[in-house]
There are 2 protein chains.
Amino acid sequence: MNPLTRKLERFACLSDDDKSILQHAASSRLRNVEPRCDIIAEGETPRHVNLILSGWACRYKQFEDGRRQIVSFLLPGDLCDLNVFLLRDMDHSIGALSPVTLAQISPEQLRQMLDGNLRLTQALWWETLVTAANYRERIVTVGRRTALERVAHLVCELFHRLSVVGLVGDRGYEMPITQTEMADALGISSVHVNRTLKELRTAELMTWKGGRITILNLPALEDVGLFNPNYLHLDQGGR
Amino acid sequence: MNPLTRKLERFACLSDDDKSILQHAASSRLRNVEPRCDIIAEGETPRHVNLILSGWACRYKQFEDGRRQIVSFLLPGDLCDLNVFLLRDMDHSIGALSPVTLAQISPEQLRQMLDGNLRLTQALWWETLVTAANYRERIVTVGRRTALERVAHLVCELFHRLSVVGLVGDRGYEMPITQTEMADALGISSVHVNRTLKELRTAELMTWKGGRITILNLPALEDVGLFNPNYLHLDQGGR
DNA sequence: CGGTTGATTGATGGTTGTCAATAAGCGTGG
DNA sequence: CCACGCTTATTGACAACCATCAATCAACCG
């Protein structure tokens, strides 16, 4: 099953028909993007909604002096905002972190999908609202959490989000990014990310080796990161 | 004219009919909230969409140890997310900063407003997308801007946002919050906000006195804050 | 005119950034 | 299989920015 369907089922009770519509969308106009390449850059005009099928991407903004902030990670099953075409230009860039496969959904196709389908419309509204909730939590992270809390919180968040789309196994998940990229997401330096990871390793809470995160003690890690999964809104049991 | 209509006209060409619908919504079920009182608290279940008519509010999250992060400021004309009722519980709180008047729009009322009205639906989608863009910019602010840049950027953002709803006059605007609240929004301490304001005052870029911001040199202040208004998407001229 | 809240300033310390050097990992090609 | 070169990770030394604590001052208010 494609990761978007998997994710939406967490919220809505989808019919076979809904699923086949989603499956159709997920197989349209595939595109592969190499790591470190932009999927779309700030200032460009988006022509379709991108759906991540595999690999990791990120939204980011960069200053002229080189400082960069990763605003969010885009994981399999994530959509780049519905209706982006209502805004003329991109105010940020989206770049691939690992090799990425994505489906490009056209505005017309999206309109057809949603027209008269309340369940799917609501499911995608839910997706949008959860994305906003994620932004809010990230603001809290970079605004008020310490470096240790930031790293722990992010690792927990990714664990839960990847879990929904079936990408968690053996107490961990593939982490196809660099420490520098994690630093850009957390608003700290890569050197400090490194030191912080060492601290979490020493405390036997988690490891990150060979591109894979392993969580040794999830409850303790969540405590350290002041992590409360409520903002992911995953507990609605197909309501 | 109510501030929501004013704001949406920035994006959409509204008919008289649209405007009267909005006016009707803006006059329904008014509620007054005192400063420092929650409009809705984390964990509660929202029953309607709140529209700020006057005064300032904010979304925020607070840790048990007292640390608080203000996620966004809610100004006149701002809506608390459409369709919040799709998410069961609030994952954050909304509190009044100054005396606030708001209209409480019920889900049914909203549905009636939007049903079959593509222009209004799109206008409110635009509102949602701009809110998300605001979140992203705030992540950049707390993640990668220095204290000086943060303060300058926020003052510029508020200037532009308040300008849209007609609350800017004589090179400035009313600022009904404390330095501590600004600190909680910017992820720094109130003491440091104070020192930073002094620096901006000394540089003759702005003043904040008697609850009012005055901008002495907007271009220079925007430069200091690395402020680029593109994320506010205000340049669509009623497209 | 007290009393409370918020603003302002100084002193000090801590978390994190920067710089720089070394080690480790990884893909390519000899 | 190893050598090479590149990227990334790791570690130490030092500096800077910002937090914290605490005291004073100003503003507001009944």
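Because only heavy atoms are used, hydrogens play no part in the values below, and waters and symmetry mates are left out as well, while side chains stay in.
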For A/H233 and A/W126, run side-chain contact (heavy atoms from CB on, under 4.5 Å): C-alpha distance rounded to whole Å, both residues' side-chain angles, the deciding distance at 0.1 Å, then the answer. CA-CA 9 Å; A/H233 296 278; A/W126 173 79; 4.2 Å; yes

Report the C-alpha distance between B/R59 and B/I70 in whole Å, list the side-chain angles of each, state the deciding distance to 0.1 Å, and finish with yes or no for side-chain contact (heavy atoms from CB on, under 4.5 Å). CA-CA 6 Å; B/R59 299 176 192 279; B/I70 290 179; over 6 Å; no

Decide yes or no on salt bridge (charged side-chain N to carboxylate O under 4.0 Å, His left out) for A/D184 and B/R144, but give the supporting numbers first. CA-CA 8 Å; A/D184 283 344; B/R144 286 299 185 212; 2.9 Å; yes

Show me the protein contacts with nucleotides 6-8 of chain D, counting only N or O atoms at under 3.5 Å.
unit_1: D/dT8; atom_1: OP1; unit_2: A/R36; atom_2: NH1; d: 3.1
unit_1: D/dT8; atom_1: OP1; unit_2: A/R36; atom_2: NH2; d: 2.6

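Applying the salt bridge (Lys or Arg N to Asp or Glu O under 4.0 Å) rule to pairs touching residues 148-166 of chain A yields A/D78-A/R161, A/E149-B/R67, A/E157-A/R161, sequence neighbours excluded. Annotation: ring pair (Phe, Tyr, Trp, His ring centres under 6.0 Å) contacts involving residues 161-187 of chain A, sequence neighbours excluded, are absent.
The closest side-chain heavy-atom distance from A/V100 to A/N32 is not below 4.5 Å. A/V84 places none of its side-chain heavy atoms less than 4.5 Å from the side chain of B/L129.
Proximity of a side-chain donor or acceptor of A/R10 to a complementary backbone N or O of A/L234 within less than 3.5 Å is detected.
Each of A/A147 and A/K209 was assigned the nucleotide of DNA chain C with the nearest heavy atom; the assignment lying further toward the 5' end belongs to A/A147.
Reading DNA chain C from its 5' end, the first and the last nucleotide to sit under 4.0 Å from a heavy atom of chain A are C/dT16 to C/dC19.
Listed by chain and number, the residues in a ring pair (Phe, Tyr, Trp, His ring centres under 6.0 Å) with B/H153 are B/F227, B/Y231 (sequence neighbours excluded). Partners of A/S189 by side chain to side chain contact (heavy atoms under 4.5 Å, CB included), not counting sequence neighbours, listed by chain and number: A/V191, A/H192. Residues meeting the ring pair (Phe, Tyr, Trp, His ring centres under 6.0 Å) test with B/W208, sequence neighbours left out: none. Residues satisfying the side chain to side chain donor-acceptor pair (under 3.5 Å) criterion with B/N228, sequence neighbours excluded, are absent altogether.
Between its two ends, the helix from C/dC1-D/dG30 to C/dG30-D/dC1 turns its axis by 40°, counting five pairs per end and rounding to 10 degrees.
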For nucleotides 24-30 of chain D, read 5' to 3', which letter fits each nucleotide if B means a protein heavy atom sits under 4.0 Å from the base, S means only the sugar-phosphate is that close, and - means neither? -------

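Between A/K61 and A/E42 there is no salt bridge, since no side-chain N of the basic residue sits under 4.0 Å from a carboxylate O of the acidic one. Salt bridge status for A/R145 with A/E137: present, with a side-chain N to carboxylate O gap under 4.0 Å.
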Show which side-chain atoms of residues 209-216 of chain A pair as donor or acceptor with protein atoms under 3.5 Å away, not counting sequence neighbours.
unit_1: A/R212; atom_1: NH1; unit_2: A/E174; atom_2: OE2; d: 2.8
unit_1: A/R212; atom_1: NH2; unit_2: A/G169; atom_2: O; d: 2.4
unit_1: A/R212; atom_1: NH2; unit_2: A/G172; atom_2: O; d: 3.3

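Contacts between residues 182-204 of chain A and DNA chain C, counted as heavy-atom distances below 4.0 Å, involve A/G187, A/I188, A/S189, A/V191, A/H192, A/R195.
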